Protein chains: 4
Amino acid sequence: MPKHNLFNEILSIHSTKRTVKQQRIVEAAISLFADKGYSNTSTAEIAKVAEVSEASIFKQYGTKDHLLLSLIVPYIREFFPSMANEALDQIISNGDSTFEGFLRTFLHNRIEFIRGNKEIFQVLIKEVIYKEELKHEFLPYVSDLIVPRLTKLIEAFQERGELADIPVDKILKLVFGFIGGFMISRFVLFNMDSIPDEEIEEAITFVMDGIRHR
Amino acid sequence: MPKHNLFNEILSIHSTKRTVKQQRIVEAAISLFADKGYSNTSTAEIAKVAEVSEASIFKQYGTKDHLLLSLIVPYIREFFPSMANEALDQIISNGDSTFEGFLRTFLHNRIEFIRGNKEIFQVLIKEVIYKEELKHEFLPYVSDLIVPRLTKLIEAFQERGELADIPVDKILKLVFGFIGGFMISRFVLFNMDSIPDEEIEEAITFVMDGIRHR
Amino acid sequence: MPKHNLFNEILSIHSTKRTVKQQRIVEAAISLFADKGYSNTSTAEIAKVAEVSEASIFKQYGTKDHLLLSLIVPYIREFFPSMANEALDQIISNGDSTFEGFLRTFLHNRIEFIRGNKEIFQVLIKEVIYKEELKHEFLPYVSDLIVPRLTKLIEAFQERGELADIPVDKILKLVFGFIGGFMISRFVLFNMDSIPDEEIEEAITFVMDGIRHR
Amino acid sequence: MPKHNLFNEILSIHSTKRTVKQQRIVEAAISLFADKGYSNTSTAEIAKVAEVSEASIFKQYGTKDHLLLSLIVPYIREFFPSMANEALDQIISNGDSTFEGFLRTFLHNRIEFIRGNKEIFQVLIKEVIYKEELKHEFLPYVSDLIVPRLTKLIEAFQERGELADIPVDKILKLVFGFIGGFMISRFVLFNMDSIPDEEIEEAITFVMDGIRHR
DNA sequence: GATGAATGAGTTTTCATTCAT
DNA sequence: CATGAATGAAAACTCATTCAT
């Protein structure tokens with residue numbers, strides 16, 4: 001059931017191939033938005049970096065706002081589904097996998113994805129805070145698409161007795177809230193290029209066992 | 001050793017009491033910055049909401065940028081020290097207190113503090129992401145002032161055998177990274193007015209024991 | 001009963017005194033709009049002619065559209081009421097006046113008025129055609145304010161047996177339609193500075209007796 | 001003596017038949033110009049409505065200005081000559097026709113013509129006011145072509161004693177000025193689709209006999 | 001003959017800031 | 001201390017027009 005929303009609308013428009021100049025616009029915009037933020041980046045600046053006229057930007061995207069969405073929406077579309085599919089389905093069917101193993105795979109997988117598009121990730125995170133519009137499109141999208149899958153996954157692991165008897169939705173919020181903050185602080189706040197394996201392992205241990213001495 | 005930086009500079013200026021109009025400016029600015037972000041708020045708008053002339057704002061604060069810092073810096077100065085002093089010193093000396101107890105006290109204490117000034121908190125978080133300048137003033141400040149105290153605290157609890165033998169700096173990053181994300185998501189992203197006790201307890205349990213079944 | 005509409009709204013705003021620069025804006029705008037039309041006049045041009053910054057125009061009037069209305073609306077407010085009051089009331093009470101005499105007085109009176117503000121008159125006529133908004137404010141205003149008075153006047157002269165037994169509303173439309181066209185063609189289309197008495201007399205004769213030979 | 005002017009120039013070019021796309025351009029342009037005015041209609045909009053590329057418009061017409069003239073000039077060429085020929089010559093030779101009869105025929109004839117191309121008529125009237133260029137081409141054209149014919153006509157009726165002994169040029173200006181205003185107010189200002197017979201008769205009576213009681 | 005891509009030169013509008021009073 | 005008036009610079013956006021394909 002394809003709802004009529006910003007996401008679907010924007011995706012349907014820019015499926016065609018881009019010219020060289022159009023590609024330069026996209027790259028310049030992502031780079032500048034990531035660096036200085038959407039509001040502090042002028043279309044004149046984007047045009048200059050992309051070495052095109054401002055008019056070309058507006059011919060393509062109509063408004064600066066639409067340009068932003070045209071960058072972010074496809075990224076979201078790719079980020080979450082692939083998160084769900086690539087990692088989840090495979091693991092869930094593997095009888096002897098552990099949640100810890102899933103977490104490890106998941107983290108490495110998503111970190112790689114973000115590393116490959118760090119700037120868009122930064123733009124997304126920075127602007128979700130500002131643009132109510134984005135937030136209201138983005139959060140439900142995540143909820144509807146991702147939450148059900150993860151819920152099933154967690155339930156499966158709980159049934160195997162691997163996870164504590166905390167309500168699934170609480171586990172989801174705690175674990176993925178933590179992971180979200182973990183990623184965002186590293187890739188957005190500190191602008192790191194990657195996360196060392198060691199740090200990943202520490203995070204996994206923290207999630208599984210907390211910090212209490214046993 | 002008082003470094004010459006924005007923080008100290010600004011604090012030294014505005015120690016005097018505010019007039020009624022100045023107070024209105026501050027309130028209007030905080031409210032608007034929290035709602036729409038610094039970049040998307042014009043000085044004209046602030047003046048209108050505060051019912052003063054734009055000229056008055058500039059007479060007082062010189063630049064819009066300085067106005068922002070004049071709001072945020074005192075807040076930071078208050079947020080972290082009080083965090084350190086009120087909660088920590090007391091707890092650390094209480095021989096039979098637990099880290100869990102400390103965490104509980106700490107969370108409630110900080111949540112109350114944020115609730116009382118939610119809008120400034122929102123401004124701070126939103127702008128730290130955008131303004132490199134702020135980030136570069138803010139993070140070291142936190143590091144220098146807070147980290148040593150918390151380090152001592154954690155070490156104390158580790159010596160009592162309450163916490164796992166994870167290097168202190170790792171524990172710090174994990175726990176306070178999690179708590180930061182916890183607060184920010186509730187108070188900034190979802191603009192909640194408070195956090196239910198139940199949710200706080202879940203967070204504490206998560207931090208202490210993770211999600212593994214025992 | 002002061003209806004809430006554009007007319008009243010705009011009048012209420014600009015009742016205060018204008019500075020020299022503000023007056024220059026008004027004059028430049030009227031002159032340029034009259035000459036080249038609203039759409040073909042840029043705010044940059046107005047600013048240049050008025051020797052002020054464009055920003056000053058927008059600080060005062062908010063939008064170019066509002067500037068136009070701020071010029072036209074007070075003119076309309078003055079044009080029609082004075083038309084009604086000065087000429088009509090006096091004549092209607094004068095027992096031995098004739099409709100022809102009224103027409104003569106009326107024409108001379110209105111021609112003088114237009115001559116004193118020809119450019120605004122030109123702007124008004126040119127833009128009423130284009131701006132539905134103006135048309136929808138302007139026409140009812142005329143209808144409500146002017147038509148009843150003229151109706152009473154015509155009826156009075158009909159009762160004296162001076163005018164043909166044509167329904168009053170028809171006479172109104174024919175006579176004032178003709179006069180309107182008469183004025184507009186001279187002052188707008190041909191940009192004449194005045195209308196010779198001779199031509200006025202011919203118009204009066206035409207209105208009274210048509211062109212048939214007797 | 002074919003003067004070298006815009007009219008003749010444009011007519012000489014576009015005598016060829018229009019392709020389907022060209023026709024769509026013409027229709028879109030007329031419709032949009034009539035509705036919003038030339039200045040407020042962009043070539044992009046025309047292209048969109050016509051479902052052709054903007055480039056096609058410019059390939060055909062060179063400039064937007066030329067497009068406007070290409071619409072208006074042929075219309076003028078048709079409007080006035082047919083006005084002269086169809087109605088006049090026939091009537092003038094008919095010994096027992098009256099001026100009133102001529103007027104009636106003429107009005108019905110021109111009203112029908114306008115009804116069939118109302119939008120171009122609207123464009124013509126609206127733009128004559130704005131474009132000095134058009135005015136300076138249009139008015140002499142009318143004068144040279146129409147005035148002599150009508151002068152002859154009026155003189156003929158005057159000789160028959162049907163019309164008052166007013167100088168012919170005055171009669172012309174009064175009568176056709178009135179009729180022009182009559183048409184323009186109905187078809188342009190009020191955008192009516194036709195004029196009821198009753199109203200036409202009232203206009204004729206007004207022209208012939210004025211409003212004086214006899 | 002038709003068009004997608006591109007743009008230089010404008011357009012209206014906004015904004016932080018200054019200054020005389 | 002307060003502000004009305006003013007603005008230079010830049011913002012987003014528009015537009016008629018060109019040109020290679």
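These figures come from a predicted structure and were not determined experimentally. Scope of the values below: all heavy atoms of this structure, side chains included, with no hydrogens, waters or symmetry mates. To find a chain, count down the sequence lines: A is the first, B the second, and so on, and within it residues start at 1.
Whole-Å rounding puts the D:I57 CD1 to F:dC15 C1' distance at 12 Å. With rounding to whole Å, C:K48 atom NZ is found 11 Å from E:dT11 atom P. If you measure from atom CD of C:Q60 to atom P of F:dG4, you get 13 Å, rounded to the nearest angstrom. Rounding to whole angstrom units, CD of residue A:E51 and P of E:dG8 are separated by 13 Å.
A donor-acceptor pair under 3.5 Å links the side-chain atoms of D:N40 to the main chain of D:K36, judged by distance alone.
Between D:V52 and A:K21, the residue whose closest nucleotide on DNA chain E is further toward the 5' end is D:V52.
Of the side-chain N and O atoms in A:S53, one or more sit less than 4.0 angstrom from OP1 or OP2 of E:dT7. Listed pair D:S56 / E:dT3 meets the phosphate criterion, a side-chain N or O lying under 4.0 Å from OP1 or OP2. At least one side-chain nitrogen or oxygen of C:Q22 sits closer than 4.0 Å to the OP1 or OP2 atom of F:dA6.
Legend: residues meeting side-chain hydrogen bond (donor to acceptor under 3.5 Å, both in side chains) with D:S42, ordered by chain and number and at least two apart, are absent. The ring pair (Phe, Tyr, Trp, His ring centres under 6.0 Å) check on D:Y130 picks up C:Y130, with sequence neighbours excluded. Applying the salt bridge (Lys or Arg N to Asp or Glu O under 4.0 Å) test to B:E54 and every residue at least two apart in sequence or in another chain returns C:K59. Not a single side-chain hydrogen bond (donor to acceptor under 3.5 Å, both in side chains) links D:T41 to another residue, sequence neighbours left out. With sequence neighbours excluded, the residues satisfying side chain to side chain contact (heavy atoms under 4.5 Å, CB included) with A:A50 are A:R24, A:I25, A:A28, A:V52. Shown here are the salt bridge (Lys or Arg N to Asp or Glu O under 4.0 Å) partners of D:K64, two or more places apart in sequence or in another chain: there are none. With sequence neighbours excluded, the residues that form a salt bridge (Lys or Arg N to Asp or Glu O under 4.0 Å) with B:K135 are B:E132. Residues satisfying the salt bridge (Lys or Arg N to Asp or Glu O under 4.0 Å) test with B:K21, not counting sequence neighbours, are none.
Interface residues of residues 24-36 of chain C facing DNA chain F, ordered by number: none; criterion, heavy-atom separation under 4.0 Å.
Sorted by first and then second residue, the ring-ring contact (aromatic ring centres under 6.0 Å, His included) pairs with a member in residues 22-50 of chain D read D:F33-D:Y38; sequence neighbours excluded.
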> Once Watson-Crick and G-U wobble pairs under 3.5 Å are found, how is DNA chain E written in dot-bracket notation, 5' to 3', with | for any base paired to another strand?
Replying inline: .||||||||||||||||||||
> Where along nucleotides 15-21 of chain E does protein come under 4.0 Å, by heavy atom, of base (B) or sugar-phosphate alone (S), with - for untouched nucleotides?
Replying inline: BBBBB--
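Using a 4.5 Å heavy-atom cutoff, the side chains of B:L68 and B:V123 are in contact.
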